[in-house]
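Below you'll find the structure, written out as structure tokens, and then a few comments.
Keep in mind that this is a model prediction, so the values were computed, not measured. All chains are named by letter (A, B, ...) in the order of the sequence lines, taking the proteins before the strands, and each is independently numbered beginning at 1.
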Protein chains: 2
Amino acid sequence: MLSNACQYAIRSILYLGMRSDEEHKIGVKVISKELEVPQPFLAKLLQQLNKSNLVTSTKGPYGGFYLSETNKQHTVWDIVSLIDGNEKFNQCFLGLSKCGDDNPCPVHFTVSAFKQKLFQDFKEKTIAEFVEEIKLKGRYISLKSFEILKPDSDS
Amino acid sequence: MLSNACQYAIRSILYLGMRSDEEHKIGVKVISKELEVPQPFLAKLLQQLNKSNLVTSTKGPYGGFYLSETNKQHTVWDIVSLIDGNEKFNQCFLGLSKCGDDNPCPVHFTVSAFKQKLFQDFKEKTIAEFVEEIKLKGRYISLKSFEILKPDSDS
DNA sequence: TTAAAACAGGACAAAAATATCTTTTTTATA
DNA sequence: TATAAAAAAGATATTTTTGTCCTGTTTTAA
Ligand code: FES
Ligand code: FES
């Protein structure tokens, strides 16, 4: 449903939301290892995210990526629409040119409710809120290193 | 979510379910025009579907594709798993290697319920039942030619 | 001042998905 | 039996997505 690029982007941003701030920047190398994402590909992605103000970066020794408070006020939807385009959740599941209650395809009513819900979730919840929930309820964004993102594993 | 190929396949089969039987076969040319799907690509697809017994075909003049009664007893899931593989609805929305209630990603519980539901729908309902519903409730599988698939438009 | 660390940017490469073309086989029927 | 219509099959082409490589630029600690 989402492209690899988009999945990488979301996970990276959530990761940065969990682990970084202006005093603790994280380099591409670390992020790509932790999340098991191809490094050069991720580098490109982060560039793009940086340009669109979804992440912040600084160069030089001790440089790296982090989420500023402003960055954290963005939503997952901002990521999706940047990477995968903003028609992602308007499209018909069977590829018809128009999706709507007035000309529903055979699975429209099964799919539609869900799309709405997910869309809202993505559009309303800020990154900050997602991060909060991850910390609280324990969600995973990497399988490699379970512990780093479990609740209570952080200071 | 589904590949183009898979969407084409589902729509073609539903179309055949609506309009064809052993006495009324339909050629690739017609199907591709009606559904607005690239012809040679569809031809390949139908070959594949034929091999897997999801559609039936005969060569020669007055030949074409149709759904036998056996074909109609298959499910949409059979199509999806053939074309897109049977992991399609087991995969994590964010691309994590394992998807499950025990190690949920941040959107797992939003997505999971839906996936279950759609999966069931696709797995339980036969093509015949889908076709029935299309006829009864009026569902679209092509936008180009609305009328051909609306209820009451057929004999 | 300098060297290393890190991001930035452009060009390139590989793989997968999508689409097309050409030839062969089958078959109804004139 | 010849012919034409249609699918089957295999080879090829295009596009998109994904991934890599190399060189440059900025920053900063020593
Ligand atoms: S019309 Fe197909 S999902 Fe809405
Ligand atoms: S773990 Fe991500 S969708 Fe289930």
| task | Quickly work out the B/I83 CD1 to C/dT18 P distance and round it to whole Å. | result | 11 Å

| request: Could you tell me which non-hydrogen atom of A/R11 sits nearest to which non-hydrogen atom of B/L94, and how far apart they are? | output: CD-O, 3.2 Å

| Given atom CG of A/N4 and atom P of C/dA17, what is their separation to the nearest angstrom? | 11 Å

| field | Contacting residues from residues 20-28 of chain B, given that a heavy atom lies under 4.0 angstrom of DNA chain D | value | B/I26, B/G27, B/V28

| If only side-chain N and O atoms of B/Y8 are considered, is one of them under 4.0 Å from the OP1 or OP2 phosphate oxygen of C/dT18? | no

| Of all heavy-atom pairs between A/A5 and A/L45, which one has the smallest distance, and what is that distance? | O-CD1, 3.3 Å

| request: Grab the CG-C1' distance between A/D84 and D/dT18 for me, whole Å please. | output: 13 Å

| request: Could you tell me which non-hydrogen atom of B/I127 sits nearest to which non-hydrogen atom of B/V76, and how far apart they are? | output: CD1-N, 4.0 Å

| said: Rounding to an integer number of Å, can you tell me how far B/L45 CG sits from C/dT18 P? | reply: 10 Å

| message | What contact category does B/P38 fall into here, base, sugar-phosphate, or nothing, at under 4.0 angstrom with non-hydrogen atoms? | response | sugar-phosphate

| task | Starting from C1' on C/dC21, measure out to CD on B/Q47 and report it in whole angstrom. | result | 13 Å

| task | Taking all heavy atoms of A/V55 and all of A/L46, pick out the closest pair and write down the distance. | result | CG2-O, 3.9 Å

| message | Could you check whether the side chain of A/Q39 and the base of D/dG19 have a donor-acceptor pair of N or O atoms closer than 3.5 Å, going by distance alone? | response | no

| task | Examine B/K115 relative to B/F89 and say whether NZ or CZ is less than 6.0 Å from the centre of the six-membered ring and inside a 45° cone about the ring axis. | result | no

| field | Nearest-Å distance for atom pair CG/C1', residues B/L16 and D/dA7 | value | 14 Å

| Could you go step by step and tell me if B/E133 and B/K125 meet the salt bridge (charged side-chain N to carboxylate O under 4.0 Å, His left out) rule? | CA-CA 10 Å; B/E133 186 177 297; B/K125 243 183 189 166; 2.9 Å; yes

| task | Measure from CZ on B/F41 to P on D/dT14 and round the result to the nearest Å. | result | 17 Å

| said: Quick check on contacts: within residues 48-73 of chain B, what sits under 4.0 Å from DNA chain D by heavy-atom distance? | reply: B/N50, B/K51, B/S57, B/T58, B/K59, B/G60, B/P61, B/G63, B/G64, B/F65

| Sub-4.5 Å side-chain heavy-atom contact between A/F65 and A/S57 | yes

| request: Write down the atom of A/I141, the atom of A/I134, and the distance for their closest heavy-atom approach. | output: CG2-CD1, 4.4 Å

| remark: Heavy-atom nearest nucleotide on DNA chain D taken for A/L2 and for B/L46; more 5' hit belongs to B/L46

| request: Could you tell me the separation between the NZ atom of B/K29 and the C1' atom of D/dA4, rounded to a whole number of Å? | output: 12 Å

| query | Do the non-hydrogen side-chain atoms of A/V111 and B/M1 ever get within less than 4.5 Å of each other? | reply | no

| task | For A/K44, answer base if it contacts any base atom (sugar-phosphate contacts may also be present), sugar-phosphate if it contacts only those atoms, and nothing otherwise; contact means non-hydrogen atoms under 4.0 Å. | result | base

